[in-house]
> 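I have a structure I would like to understand better, so I am pasting it below and will then ask my questions one at a time.
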Amino acid sequence: MASREVVETRVLGVARVLWLAFVLVACVLPLFYMLLLSVRPLQAVLQDPLGLPSLGELNLAAYRRVVASPDDGGYGLLSFFGNSLLVALGSVVATVLLSVLGAYAATRLRFPGKNVVNVSFFAVYMFPGIVMAIPLFVLFSRLGLRGELPALIVIYLASTVPVSVYMLRNYFRSIPQGLEDAAMVDGCNRAQVIVRIVLPLAMPAIAATSLYVFMIAWNEYLFALLFLLERRDNWTVSLGLAQLDDISVSATVLMAGSVLLTLPVVALFFAAERLLVEGLTAGAEKG
Amino acid sequence: MPVAVSLRAREARAGLALVSPTVLIVLLVVVLPFLWTIVMSFQRLRLIDLQNVFDITLTLRNFQTVLGSADLWEMVRTTLVYSIGGTVLSVGAGLATALALRHRFPGRMIIRAFVLVPYVIPVVSAALVWRTLLNPQFGPVNVFGVDVLGWDRPVGFLSERFHRVELFGAGFDVPIALLTVIAFEAWKTFPLAFLFILARLQGLPRDLEEAARVDGATPLQRFRYVVAPQLSGVIALLVLLRFIWTFQNFNDVYLLTRGAAGTEVVAVQVYQYLVSRNDVGGAAALGLLMSVVLIIAFAVYYRYGVLKQESEV
């Protein structure tokens, strides 16, 4: 009589394993293929697309090609890393600074208009980037700022600050207020409380937020395309690589470039995966 | 004088001071530009003659251009199929994966980390590797299909509008490029749905399910009557967020197909108005219409209270 329970448990058990296998293959295989193709010569790929490469044919020629400067017959991807790094780190510093202050105010202080601020942040979070792009494109064209990296930082700041405030706010709530009150009683002012009490305690959340902002800024494509296209010396890696696809560069070189673009983000992600996951989903278990 | 200022007033002042840089930047970069978009959508504005920015002659021409364009309905249909398909697949795959990884087993955390990879990698890399995998000449998917599965010819996953598929003697025209960009969207975003649903699942009290099991409910019944109702809040929120983001998605479609082969969604068309046709007014009008759809989606959700519990968090 255990039939239905047993049958369902078995069928679901098999389905679960099959689904997990499918998901894992779908998530890992493209990355693996990217890596594989980047170290094979194009000729070998064209002759035997499905075959595993022999050890002898592996080489780093595609990497040399994609990073070398155009004068040396390469595609100059290396020179874009500085721009990407500058934009990403600039966005991280600016966003974290603003969102620590905003999140602290949103959790600890009562002020008029607080709810309006909270709700409008949620709306900004979902606002279409392409719509925001139109007036900014016109504005920066008029001001002659199109092509400048700081303009990009300001945009990334505005688009990541709502989520950052949200992530930090959830964390600040878990810090007992008593600590801050005690510090106040002992004569700290508000700024000292934030710097000496809140910041050290919130380090994990700040790290998670920084990582989130870094990834968004490093991976971003639309605004880089709209704002930087005419200034090749200011291209980010994402933009530079996407532009290579337009001039029919060989697949192995494209994959080498993709590996270089992906590597920093994946490395950071695996280094701090726990932090990021907890930061992003904090509060979700209540929903 | 300082004595007269109450603690409460000082707190309010400090709160406003701390939150003002954030509010200011959001106001300057998001809110004011949006208001300006509304104005621009009623102006005749081309990128070449930007001095017209201050010309306040208002006109409905942009809306006439946008709404009168021959491929309007095709674009609306494509965008809706893309956003609804992408949303359903993304949240569905996220739910299935969260349920499969719900209980502890060795290697679970490693699998969780790998599942998140499509979500964290740069969209440019992801699109390039998909384009290479699906390449009709040497892409392993097509080579495998032709050599092993016996397809007649390679499939142009990203270049064919329709692909004829014979199944049980009947022929179907499958919108292959559109389905591929939907699959890409689902692949890239299901990890986020997975994360949120998993977090919620792990917060569920165990005793309800245990009681249902003791009462003889089978696994499917326990899911249907005990687990699913408790997930409905987070799933509704994810459906809203995913719909809104997929509806406005530009990167994925543009990088995969440039909007060709029946994949021209509204965001790509806004870009085309802005950059290829230099028609700022047209872009603003279309962008405004697009925002209206999103605001309606948001309002419907708000009306039915899905977001209320979330905003109270």
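Small disclaimer: the values here were computed from a predicted structure and weren't measured. To find a chain, count down the sequence lines: A is the first, B the second, and so on, and within it residues start at 1. FYI, side chains are in, hydrogens and waters are out, and symmetry mates aren't considered; it's all heavy atoms of this structure.
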> Considering only heavy atoms from C-beta outward, does the side chain of L20(A) approach that of L101(B) to under 4.5 Å?
yes

> Measuring heavy-atom distances to chain A, does P140(B) have an atom under 4.5 Å in its side chain, in its backbone, in both, or in neither?
both

> Relative to chain B, which segment of F127(A) carries a heavy atom at a distance below 4.5 Å: side chain, backbone, both, or neither?
both

> Heavy-atom distance under 4.5 Å between the side chains of W19(A) and L99(B), does that happen here?
no

> Report the option among V115(B), V31(B), L204(B) that has the most heavy-atom pairs separated by less than 4.5 Å from atoms of chain A.
V115(B)

> What residue in A284(B), A12(B), S125(B) has the most heavy-atom pairs under 4.5 Å with chain A?
S125(B)

> Which answer fits I134(A), side chain, backbone, both or neither, if we ask what part of it has an atom under 4.5 Å from a heavy atom of chain B?
both

> Heavy-atom pairs under 4.5 Å with chain B are the metric here; pick the option from V23(A), L239(A), L229(A) that has the most.
V23(A)

> Do you know which of A113(B), A9(B), A283(B) has the most heavy-atom pairs with chain A at a distance under 4.5 angstrom?
A113(B)

> Atom CD in E8(A), atom CZ in F223(B): separation rounded to 0.5 Å?
12.5 Å

> Does any non-hydrogen side-chain atom of V28(A) lie less than 4.5 Å from one of V117(B)?
no

> If you look at every heavy atom in F190(B) and C27(A), which pair is closest and at what distance?
CZ-SG, 3.8 Å

> Highest number of heavy-atom pairs under 4.5 Å with chain B: which of T9(A), T95(A), V265(A), L222(A)?
L222(A)

> Heavy-atom pairs under 4.5 Å with chain B: which of L254(A), I155(A), L225(A) has the most?
L225(A)

> Please check: side-chain N/O of T37(B) versus main-chain N/O of P135(A), any donor-acceptor pairing under 3.5 Å?
no

> Measuring heavy-atom distances to chain A, does L16(B) have an atom under 4.5 Å in its side chain, in its backbone, in both, or in neither?
both

> So among V266(B), N249(B), V270(B), N251(B), which one has a side chain to side chain contact (heavy atoms under 4.5 Å, CB included) with I130(A)?
V270(B)

> Flag the pair T22(B) / L101(A) as yes when at least one side-chain heavy-atom distance between them is below 4.5 Å, and no otherwise.
no

> Would a 4.5 Å heavy-atom cut-off, applied to side chains only, mark L220(B) and L12(A) as touching?
yes

> Is the closest side-chain heavy-atom distance between V124(B) and S258(A) below 4.5 Å?
no

> Working to the nearest 0.5 angstrom, can you tell me the gap between L128(B) CG and L261(A) CG?
8.5 Å

> Among R258(B), M109(B), Q137(B), R13(B), who wins on heavy-atom pairs under 4.5 Å with chain A?
R258(B)

> When you measure from the side chain of E5(A) to the backbone of G216(B), do you find a donor-acceptor pair of N or O atoms at a distance under 3.5 Å?
no

> By a 4.5 Å heavy-atom criterion (distance strictly below it), what part of Y254(B) contacts chain A: side chain, backbone, both, or neither?
side chain

> Ignoring hydrogens, what is the shortest heavy-atom contact between A251(A) and T132(B)? Give both atom names and the distance.
CB-CG2, 4.1 Å

> Between V26(B) and V161(A), is the side chain to side chain contact (heavy atoms under 4.5 Å, CB included) condition met? List the steps.
CA-CA 8 Å; V26(B) 167; V161(A) 86; 3.8 Å; yes

> Minimum heavy-atom separation for V30(B) to A158(A), with atom names?
CG2-CB, 4.3 Å

> Measuring from atom OH of Y119(B) to atom CZ of F269(A), what distance do you get when rounded to the nearest 0.5 angstrom?
11.0 Å

> Against chain A, label R222(B) side chain, backbone, both or neither, depending on which of its atoms sit under 4.5 Å from a heavy atom there.
side chain

> Between chain B and each of V266(A), L268(A), V237(A), L139(A), count heavy-atom pairs under 4.5 Å; write down the option with the most.
L139(A)

> What are the two closest non-hydrogen atoms of P30(A) and V129(B), and how far apart are they?
O-CG2, 3.3 Å

> Distance from S238(A) atom OG to L255(B) atom CG, nearest 0.5 Å?
8.5 Å

> For the pair Y221(A) and F250(B), name the ring-plane relationship: parallel under 30°, tilted 30 to 60°, perpendicular over 60°.
parallel

> Could you walk me through whether R190(A) and E11(B) pass side chain to side chain contact (heavy atoms under 4.5 Å, CB included), step by step?
CA-CA 9 Å; R190(A) 190 75 67 192; E11(B) 187 178 318; 4.2 Å; yes

> Mark yes when over 12 heavy atoms from residues, nucleotides or ligands other than R213(B) sit less than 6.0 Å from its CZ; otherwise mark no.
no

> Measure the spacing between CZ of R108(A) and CG of L18(B) and express it to the nearest 0.5 Å.
12.5 Å

> Taking C-beta and beyond as the side chain, do L226(A) and V275(B) meet within less than 4.5 Å on heavy atoms?
yes

> Could you please spell out the steps behind the side chain to side chain contact (heavy atoms under 4.5 Å, CB included) verdict for V29(B) and L136(A)?
CA-CA 8 Å; V29(B) 183; L136(A) 293 177; 3.9 Å; yes

> Answer yes or no: are there more than 12 heavy-atom neighbours, outside F114(B) itself, under 6.0 Å from its atom CZ?
no

> Could you tell me which of V123(B), L116(B), L241(B) has the largest number of non-hydrogen atom pairs under 4.5 Å with chain A?
L116(B)

> Is chain B contacted by the side chain of L37(A), its backbone, both, or neither, given a heavy-atom distance below 4.5 Å?
side chain

> Contact part of M215(A) toward chain B, heavy-atom cut-off under 4.5 Å: side chain, backbone, both or neither?
side chain

> Considering all heavy atoms of both residues, which atom of P128(A) and which atom of L294(B) are nearest to each other, and what is their separation?
CG-CD1, 3.3 Å

> Rounded to the nearest 0.5 Å, how far apart are CZ of F270(A) and CD1 of I110(B)?
9.5 Å

> Please rank A17(B), A217(B), P191(B), A93(B) by heavy-atom pairs under 4.5 Å with chain A and give me the top one.
A93(B)

